[in-house]
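Shown next, in structure tokens, is the structure this report addresses.
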Amino acid sequence: MKMKRRDFLSKTAMAGAATLLSSPALFSGSFRPKDKLGIALVGLGYYSTDLLAPALQLTEKAYLAGIVTGTPSKAETWKKKYNIPEKNIYNYQNFDQIANNPDIDVVYVVLPPSMHREYVVRAAKAGKHVFCEKPMAPSVADCEAMIKACNDNKVKLAIGYRCQHDPNIQAYMNVAKQQKFGKVKMVTSAAGYFDGRTNHWKQSKALGGGVMGDMGVYALQGARLATGEEPISVFAQASTTRPEIYKEVEETMMFMLEFPSGARASCQTSFGINMNYLQVNYEKGWLKMEPQSGYNGNKGSMSDGTIINFAIKNQQAKQMDEDCAALMAGTALIAPGEEGLRDIRVVEAIYKSVKTGKVVKI
Ligand code: NAD
């Protein structure tokens, strides 16, 4: 890949440059604007390898500038495949030196959830903007520490909620906002897949596994985004059909949410069942999405015959482009750290409900 970076300050870029100059982290020591931000991926597992790195070949505002990995053989492969200069390759020990690298504007944390806090905080201290994968972290305390670290170091934090950048998801969010069919009465939201792995971090409590933080946030977001409200109480039940694999964390979670308007949601998430759909019943109509949180092809229909089926080239590319454009313009991010925290607040209440067997107020 040939990296394109313009080293000039065009007349038309002057207005944007003024905004850029107010954000020193974007320059990291090299005082010139860039037409693309350099992203360093931390953790080169499935999501980085199969989705983010390919998406970064399509982005217009971002490019793959660096990597952080604990596996030297991966560093070699990626270096060759993506033409990454040696000086932009880090391991987990020397990662903090990224502070001195003007090529890297954004650190994208794509590690198991229990590691998100440490790497977000280290990236923020290095003066880099941060993208962090979902779930933001295993606890509310972690999320708050991550937001604080970014605020203290004057860098921005975005959560990798790719669906919130998808016009198909934005379409059903707008139905609630505009009250097209009146108030939301009931939501049914499901997100799950069959995971055949037997020894992965998704099955480890210490690494932040369990289906609730993983596919569960999609089921939860379906309910939160379809109502446009934050839940005020939850009742949840955890279960597993494969106790030999799911020894420490739940394989399946069912949870019921109550919203301030009186709307209710029934949500399911599982590592044992392939399912991905959303149904919203309003006072005067309904909306269905299936799938509701896929990488592509999210689509739906409404009771008045409206079809939701926007084509997008690449969801992850759109997410990173929009987040980088917001960083460059100094405008609001679509899914900042506070949005990740909103989900984890509910996730904590869900676990509390499972433990106590009671309805938990949020
Ligand atoms: P993965 O297991 O495939 O990759 C994890 C990476 O972390 C690996 O490169 C691994 O070497 C590294 N790692 C470093 N220390 C580790 C440790 N102690 N234990 C295990 N791995 C360690 O996982 P993934 O599916 O790529 O998920 C990574 C993150 O991305 C998670 O937060 C996950 O929820 C998120 N994710 C998001 C989406 C999405 O659609 N937004 C999809 C998949 C994964």
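In what follows, every heavy atom counts, from backbone to side chain, and hydrogens, waters and symmetry copies are set aside. Whatever order the structure lists them in is the order used to number ligands and atoms, beginning at 1.
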Task: Top protein contact for atom 4 (O) of ligand 1, by heavy-atom distance - done: G45 CA, 3.3 Å
Task: Under 4.0 Å to a heavy atom of G160 - the qualifying atoms of ligand 1, by number - done: 41 (N)
TODO: Pick whichever of Y218, W201, Y295, Y108 has a heavy atom sitting closest to atom 27 (O) of ligand 1.
DONE: W201
Open item on the list: Need the ligand 1 atom indices (1-based, order shown) with element for anything under 4.0 Å from a heavy-atom of R162.
Closed with: 39 (C), 40 (O), 41 (N)
Open item on the list: Any atom of ligand 1 sitting under 4.0 Å from a heavy atom of G70?
Closed with: no
Task: Reference residue D343; test side chain to side chain contact (heavy atoms under 4.5 Å, CB included); the match among R224, M136, M212 - done: R224
TODO: Scan the protein's non-hydrogen atoms and note whether one is under 4.0 Å from atom 10 (C) of ligand 1.
DONE: no
Task: ligand 1 contacted by Y119 (non-hydrogen, < 4.0 Å) - done: no
Open item on the list: With a 4.0 Å cut-off on heavy atoms, is K202 in contact with ligand 1?
Closed with: no
Task: L327 side chain near F131 side chain, heavy-atom distance below 4.5 Å - done: yes
Task: Residue and atom name of the nearest protein heavy atom (relative to atom 25 (O) of ligand 1), distance in Å to one decimal - done: Y46 CD2, 3.5 Å
Open item on the list: Applying a heavy-atom cut-off of 4.0 Å, say which part of M115 lies close to ligand 1: side chain, backbone, both or neither.
Closed with: side chain
TODO: Identify whether the distance between the nearest side-chain nitrogen and carboxylate oxygen of E338 and R342 falls below 4.0 Å.
DONE: no
Open item on the list: Below 30° counts as parallel, above 60° as perpendicular, anything between as tilted: where do the rings of F181 and Y282 land?
Closed with: tilted
TODO: Using a strict 4.0 Å cut-off to heavy atoms of D214, name the atoms of ligand 1 that fall inside it.
DONE: 34 (O)
Open item on the list: Below 4.0 Å, non-hydrogen atoms only: which portion of T69 touches ligand 1? Side chain, backbone, both or neither.
Closed with: neither
TODO: Identify, by atom number and element, the atoms of ligand 1 in contact range of L44, meaning under 4.0 Å from any of its heavy atoms.
DONE: 9 (O)
Open item on the list: Counting only heavy atoms from other residues, nucleotides and ligands, does the tally under 6.0 Å from CE of M302 exceed 12?
Closed with: yes
Open item on the list: Closer than 3.5 angstrom, by distance alone: can the side chain of S189 be matched with the main-chain N or O of C267 as a donor-acceptor pair?
Closed with: no
Open item on the list: Does K288 qualify as a cation-pi partner of W286, given the criterion of NZ or CZ under 6.0 Å from the six-membered ring centre and within 45 degrees of its axis?
Closed with: yes
Open item on the list: With a 4.0 Å cut-off on N to O distance, would you call E348 and K352 a salt bridge?
Closed with: no
Task: Polar side-chain atom of Q319 near backbone of H165 as donor-acceptor pair, under 3.5 Å - done: no
- [ ] Among all protein heavy atoms, pick out the one at the shortest distance from atom 19 (N) of ligand 1; state its residue, atom name and that distance to 0.1 Å.
- [x] L207 CD1, 3.7 Å
Open item on the list: Using a 6.0 Å cut-off, check whether atom NZ of K361 has over 12 heavy atoms from anything other than its own residue.
Closed with: no
Open item on the list: For atom 31 (C) of ligand 1, what is the closest protein heavy atom, and at what distance to 0.1 Å?
Closed with: L111 O, 3.5 Å
Task: Working for ring-ring contact (aromatic ring centres under 6.0 Å, His included), residues Y193 and F271 - done: CA-CA 5 Å; Y193 70 94; F271 280 144; 5.7 Å; yes
Task: For atom 34 (O) of ligand 1, the option (of K134, E133, K74) bearing the nearest heavy atom - done: K134
- [ ] Starting from atom 42 (C) of ligand 1, find the nearest protein heavy-atom neighbour and note its residue, name and distance.
- [x] Y47 CD1, 3.2 Å
Task: Per-atom contacts of ligand 1 with P135, taking only distances under 4.0 Å to non-hydrogen atoms - done: 34 (O)
Open item on the list: Tell me whether K61 is salt-bridged to D321, with the criterion being a basic N under 4.0 Å from an acidic carboxylate O.
Closed with: no
TODO: May I ask you to decide if the ring planes of F95 and Y119 are parallel, tilted or perpendicular, using 30° and 60° as cut-offs?
DONE: tilted
Open item on the list: At less than 4.0 angstrom from any non-hydrogen atom of H116, what atoms of ligand 1 do you find?
Closed with: 32 (O)
Open item on the list: Checking a contact table here: which protein heavy atom is nearest atom 21 (N) of ligand 1, and how many Å away?
Closed with: P112 CG, 3.5 Å
- [ ] Report the nearest protein non-hydrogen atom to atom 28 (C) of ligand 1: residue, atom name, distance rounded to 0.1 Å.
- [x] V110 O, 3.4 Å
Open item on the list: Looking at ligand 1, would Y92 count as a contact under a 4.0 Å heavy-atom criterion?
Closed with: yes
